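Following: one structure in structure tokens, then a few remarks.
Owing to the predicted nature of the structure, the values given are computational and were not obtained by experimental measurement. Whatever order the structure lists ligands and atoms in, that order sets their numbers, starting from 1.
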Amino acid sequence: MQSIEIYSDAISLAANTANKIVNNAVQAIKNKGVFSIALAGGSTPRGVYRLLASEQYEDQIDWDRVHVFWGDERSVPPEDADSNHLLARQTLLDHILIPSENIHRIKAELPPENAAADYERDLINFFKLSGGGTPRFDLVLLGLGEDGHTASLFPNTAALTIDQQLVVANKVDKLDSWRITFTPRLINSAAKVFFLVSGEIKSEILQLVLEGEFQPNLYPAQLIKPTNGKLQWLVDQQAASRLKK
Ligand code: 6PG
């Protein structure tokens with residue numbers, strides 16, 4: 001099931017996303033005592049992370065019961081400026097009372113294949129899966145690249161068709177770099193997926209992904225269709241400006 005929510009601007013998008021994350025966390029913790037979330041990298045979620053770390057949201061989430069993961073990571077050490085982990089530390093994690101064991105960092109300083117295998121083991125351990133099942137995140141946050149990528153599922157890369165693994169190392173030739181990323185199988189196993197899309201610069205790709213022909217190799221974001229969960233596109237008016245429906 002998919003829905004699109006259009007907000008007046010980036011500030012309203014961030015505020016509504018933060019509120020939705022709080023609501024999902026409170027509900028999950030109430031129902032099962034834990035909330036698992038996979039964060040997105042890039043710049044769009046910054047405003048959301050900063051809000052969640054602000055006084056306005058203090059005490060709204062019982063961070064003791066929240067486990068934080070990442071949907072993807074650049075193949076760099078944790079202190080590297082490109083690190084998605086560093087972004088989340090600086091904007092959120094270093095400003096809230098969350099136990100360090102609840103922060104599941106991708107060890108991207110390792111060789112990419114090792115980092116991916118290590119993270120897959122962490123996921124299997126955390127979700128207590130032995131028989132080859134697929135972890136079901138309560139919430140996965142995703143961004144949308146101008147080229148239609150999401151997480152580190154880039155156009156025409158090997159990760160798009162891998163479904164035997166949960167996490168893979170993905171060589172992105174156009175960036176001449178390696179990434180570690182959730183596979184579509186893992187993302188689509190989530191109970192809820194939020195795509196956060198902001199700005200005029202994303203208007204063309206958003207229209208192509210949502211209303212264009214199904215070409216997932218070109219627009220990997222089109223691969224995201226939760227099997228038994230909800231997909232919510234949370235966008236601002238600038239990003240939605242070319243949508244026809
Ligand atoms: C990353 C992200 C990536 C990001 C998109 C959008 O590691 O960069 O996971 O998928 O979400 O590139 O990035 P912006 O939010 O910066 O536009």
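When atom types are taken as modelled, the side chain of Thr150 and the backbone of Gly143 share a donor-acceptor pair closer than 3.5 angstrom. A donor-acceptor pair under 3.5 Å is formed between the side chain of Arg74 and the backbone N or O of Asp82.
Annotation for ligand 1: atoms under 4.0 Å from non-hydrogen atoms of Asn84 are 1 (C), 7 (O). Within ligand 1, the atoms closer than 4.0 Å to a non-hydrogen atom of Leu144 are 6 (C), numbered from 1 in the order shown. Close approach to Asp72 involves these atoms of ligand 1, each under 4.0 Å from a residue heavy atom: 1 (C), 2 (C), 7 (O), 9 (O). Each of the following atoms of ligand 1 lies closer than 4.0 Å to a heavy atom of His149: 3 (C), 5 (C), 10 (O), 12 (O). Close approach to Gly143 involves these atoms of ligand 1, each under 4.0 Å from a residue heavy atom: 11 (O). Set against the non-hydrogen atoms of Ser43, the atoms of ligand 1 under 4.0 Å away are 14 (P), 15 (O), 16 (O).
Using a 4.0 Å cut-off between a side-chain N of Lys or Arg and a carboxylate O of Asp or Glu, Lys32 and Asp138 qualify as a salt bridge.
Residue nearest to atom 3 (C) of ligand 1, selected from Ala151, Gly41, Gly71: Ala151 (by heavy-atom distance). Which of Ala40, Ser152, Gly42 comes nearest to atom 13 (O) of ligand 1 through a heavy atom is settled by distance: it is Gly42.
Asn188 and Thr227 form no side-chain donor-acceptor contact under 3.5 Å, judged by distance and modelled atom types alone. Thr157 and Asn170 share a side-chain donor-acceptor pair at under 3.5 Å.
Within the 4.0 Å heavy-atom criterion, neither part of Leu196 lies near ligand 1.
Aromatic ring centroids of Phe182 and Phe69 lie 6.0 Å or more apart.
Dense packing is recorded around CD of Glu211, with more than 12 heavy atoms of other residues, nucleotides or ligands lying under 6.0 Å away.
Taking each heavy atom of Pro155 and Pro220 in turn, the nearest pair found is N-CG, 3.5 Å.
Considering only non-hydrogen protein atoms, atom 8 (O) of ligand 1 sits nearest to Arg74 NH2, 2.6 Å. Counting protein heavy atoms only, atom 15 (O) of ligand 1 is closest to Thr44 OG1, 2.6 Å. Ranking the protein heavy atoms by distance from atom 17 (O) of ligand 1 puts Lys202 NZ, 2.5 Å first.
With Phe137 as the partner, the ring pair (Phe, Tyr, Trp, His ring centres under 6.0 Å) test is satisfied by one option alone out of Phe35, Phe127, Phe194: Phe127.
Look at Arg179 and you'll find a heavy atom under 4.0 Å from some atom of ligand 1.
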